[in-house]
Amino acid sequence: MDIHKKRQFIHSHLHQVKEPDVNEIYEKIVTSLNDRKIEESEEDIIEDRLTDHEELKKEIKNWRHSK
């Protein structure tokens with residue numbers, strides 16, 4: 001089954017799942033999303049895609065003055 005069909009299946013049957021299982025599924029999804037954020041952050045570090053702190057502060061000051 002492809003990912004689209006799996007998502008449709010989950011979505012259409014989720015109302016039938018009892019609370020303990022919903023809690024477990026929820027925790028797995030949250031953990032997976034958090035892991036993905038960590039992987040993206042590590043990838044940014046490896047690829048040197050970081051914003052200098054001073055540059056970020058300057059940019060934020062510009063945002064405040066542009067209101």
Less than 4.5 Å apart, side chain to side chain, heavy atoms only: is that true for D35 and T31?
yes

* Asked: Within a strict 4.5 Å, meaning less than it, do heavy atoms of the K61 and K58 side chains meet?
  -> no

[atom2] on [Y] to [atom1] on [X], rounded to 0.5 Å:
| X | Y | atom1 | atom2 | result |
| --- | --- | --- | --- | --- |
| R36 | L33 | CZ | CG | 10.5 Å |
| N34 | I38 | CG | CD1 | 6.5 Å |
| Q8 | D2 | CD | CG | 8.5 Å |
| E55 | E59 | CD | CD | 8.5 Å |

**Message:** Check this for me: H4, atom NE2, are more than 12 non-hydrogen atoms of other residues, nucleotides or ligands nearer than 6.0 Å?
**Reply:** no

> Crowded around E19 CD? As in, over 12 foreign heavy atoms under 6.0 Å?
Replying inline: no

message: Before you tell me yes or no, could you show the steps for K37 and E40 under salt bridge (Lys or Arg N to Asp or Glu O under 4.0 Å), namely the whole-Å CA-CA distance, both residues' side-chain angles and the distance that decides it to 0.1 Å?
response: CA-CA 5 Å; K37 287 178 186 175; E40 289 173 355; over 6 Å; no

- Query: Under a single-linkage definition using a 4.5 Å side-chain heavy-atom cutoff for Ile, Leu, Val, Met, Phe, Trp and Tyr, are L14 and V30 assigned to the same hydrophobic cluster?
  - Reply: no

Check whether H11 reaches the backbone of R7 with its side chain - one donor and one acceptor, N or O, closer than 3.5 Å. no

What donor-acceptor contacts under 3.5 angstrom involve side-chain atoms of residues 43-50, with partners at least two apart or in another chain?
residue, atom, partner, partner atom, Å
E43, OE2, R49, NH2, 3.3
D44, OD1, R49, NE, 2.9
D44, OD1, R49, NH2, 2.9

